[in-house]
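Here the structure is laid out as structure tokens; the discussion comes afterwards.
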Amino acid sequence: MNEICTVGILGAGTMGRGIALVFALHGYDVLLADRDEGITKSAIAALHKRKDPEERRLVEEHVRPVAVVDDFSGCDLIIEAVVEDMEVKKQVLADLDRVCRNGAIIATNTSALSVSELGRSLSDPARFAGMHFMNPPRVMRLVEVVKGEQTASDTVETICEVARGLGKTPVVAADTPGFIANRLLFALIGESLRLLERGSAAKEDIDTVMKLGMNHPMGPFELADFIGLDVCVLIMEQLHDGLGDDRFRPGPLLESLVAEGKLGRKTGEGFYRYE
Ligand code: NAI
């Protein structure tokens, strides 16, 4: 088993900063970077505003912003959480491959891109896997560990062990579009969109059915707003292309909200408005 002490996280957006928090709270040293230094700074500022004094202390002690991926050279585990785009992620992985130390594990937080294909950008794909945290990483108890065609079993085992140490339950998934979590979630979101587009039900009623009838904590439209509608479109396109199933088509309603810049909670409006 590889010892993991220092973790590099590339991408300081919604997920990157949340993953950084989880590692810091469990005593790992974390280096956080983004191509946009302003985003790294705002992530650090948000982390330093944690209400709980002990959490604040751990974050201040353990999370360090860095400007370039070269600073990840001493990391034992590097997780990329950049935008859900195959070409961007491949480029980022090739850069990480150049700087990471021999034996380091590289992981992707991709929601739906092929881990096997991403791994082809690396000199040692055996040491690469999906480590898919759910949003928000601090709260959600699952980590989906995705085994690409070339991922070694001990890489999967190390990532599962790290996830357990973070208080999460790992589930190992095969490298199929959307893995387990997003294949199931976006079947629900896709069907909800079809009901709404056809005028068969109101979005509030669809959300109410899932919350009160199925005991889901959030309805599918509330959850889509929480994930980010731009991220939802990217995931649905992957699922649609990969599985050829029309239920995963983003469809006109979701696409028009994204075109208008209504991306959900992060922009203050999506399916719903937020203060
Ligand atoms: P986000 O848009 O909030 O953050 C992405 C960050 O990546 C941005 O700060 C951007 O500046 C940075 N970035 C883009 N290109 C870069 C590059 N070349 N080098 C360094 N940084 C770069 O997106 P979010 O939601 O954090 O998603 C990140 C990843 O996590 C995606 O793969 C997404 O599918 C996945 N994910 C998202 C979840 C969600 O609910 N939003 C849940 C689970 C996984």
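We count ligands from 1, going down the list as the structure has it; atoms in each ligand are counted the same way. Only this structure's heavy atoms are used, side chains among them; waters, hydrogens and symmetry mates stay out.
Against a heavy-atom cut-off of under 4.0 Å, H132 is close to the following atoms of ligand 1: 43 (C), 44 (C). Close approach of ligand 1 to K89 (heavy-atom distance below 4.0 Å) involves ligand atoms 31 (C), 32 (O). When each atom of ligand 1 is checked for a heavy atom of T110 under 4.0 Å away, the hits are 32 (O). Proximity to I39 (heavy-atom distance under 4.0 Å) selects the following atoms of ligand 1: 9 (O), 11 (O). Counting the atoms of ligand 1 from 1 in the order shown, those under 4.0 Å from a heavy atom of L10 are 20 (C). Residue contact check: V88 has heavy atoms under 4.0 Å from atoms 15 (N), 18 (N) of ligand 1.
For the pair V92 and ligand 1, the shortest N or O to N or O distance does not fall below 3.5 Å. The shortest N or O to N or O distance between T14 and ligand 1 is below 3.5 Å. Distances between N or O atoms of S111 and those of ligand 1 include at least one value under 3.5 Å.
Of the protein's non-hydrogen atoms, M15 SD, 3.6 Å is the one closest to atom 42 (C) of ligand 1. The protein heavy-atom contact nearest to atom 2 (O) of ligand 1 is K266 NZ, 4.6 Å. The protein non-hydrogen atom at the shortest distance from atom 41 (N) of ligand 1 is I227 O, 3.1 Å. With respect to atom 30 (O) of ligand 1, the closest heavy atom belonging to the protein is N109 ND2, 3.0 Å. In terms of protein heavy-atom proximity, atom 4 (O) of ligand 1 is closest to G13 CA, 3.4 Å. The nearest protein atom to atom 20 (C) of ligand 1, hydrogens excluded, is given as R35 N, 3.2 Å; this is a heavy-atom distance. Ranking the protein heavy atoms by distance from atom 12 (C) of ligand 1 puts D34 OD2, 3.3 Å first. Counting only heavy atoms of the protein, atom 32 (O) of ligand 1 lies nearest to E84 OE1, 2.6 Å.
At a heavy-atom cutoff of 4.0 Å, ligand 1 is contacted by no atom of L234, backbone or side chain. Counting heavy atoms closer than 4.0 Å to ligand 1, residue D230 contributes nothing at all. When non-hydrogen atoms are compared, ligand 1 lies under 4.0 Å from neither the backbone nor the side chain of M134.
Contact between F133 and ligand 1 is present, with at least one heavy atom of the residue lying under 4.0 Å from the ligand. Using a 4.0 Å heavy-atom cutoff, Q91 is absent from the residues neighbouring ligand 1. Within the 4.0 Å heavy-atom shell around ligand 1 one does not find R17. Ligand 1 has no atom lying under 4.0 Å from any heavy atom of G228.
Of the possible donor and acceptor atoms, one in the side chain of D97 sits under 3.5 Å from a partner among the backbone N and O of S123. Using a distance-only test at 3.5 Å, with no hydrogens or angles considered, a donor-acceptor pair links the side chain of D76 to the main chain of C5. In terms of modelled atom types and a separation under 3.5 Å, the side chain of E144 and the main chain of A181 share a donor-acceptor contact. Looking only at distances, a side-chain donor or acceptor of D34 sits under 3.5 Å from a matching main-chain atom of A12.
Checked options Q238, M86, H132, E84; the residue passing with T110 is E84 (criterion: side chain to side chain contact (heavy atoms under 4.5 Å, CB included)).
Salt-bridge annotation for R57 and E54: present, with a side-chain N of the basic residue lying under 4.0 Å from a carboxylate O of the acidic one. One finds a salt bridge joining R247 and D245 here, because a Lys/Arg side-chain nitrogen approaches an Asp/Glu carboxylate oxygen to under 4.0 Å.
Put simply, the side chain of L234 does not reach to within 4.5 Å of the side chain of D85, judged on heavy atoms. Considering only heavy atoms from C-beta on, E237 comes within 4.5 Å of V233 through its side chain.
A distance of 5.0 Å separates CZ in F133 from CD1 in I79, rounded to the nearest 0.5 Å. With rounding to the nearest 0.5 angstrom, the CD1 atom of I9 is 6.0 Å from the CD1 atom of I19.
Looking at V82, N135, I235 and measuring to atom 29 (C) of ligand 1, the nearest heavy atom belongs to V82.
For atom 23 (O) of ligand 1, the protein comes within 4.0 Å by no heavy atom at all.
Residues C75 and G8 share a closest heavy-atom pair of SG-N, 3.5 Å.
In the hydrophobic cluster analysis, where Ile, Leu, Val, Met, Phe, Trp and Tyr join through side-chain heavy atoms closer than 4.5 angstrom, V69 is grouped together with V83. Tracing side-chain contacts under 4.5 Å through hydrophobic residues (I, L, V, M, F, W, Y), one reaches I4 starting from M131; they form part of the same cluster.
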Run the side-chain contact (heavy atoms from CB on, under 4.5 Å) test on L122 and Q150 for me, step by step, so that the C-alpha distance in whole Å, both residues' side-chain angles and the decisive distance to 0.1 Å come before the verdict. CA-CA 11 Å; L122 298 169; Q150 302 203 56; over 6 Å; no
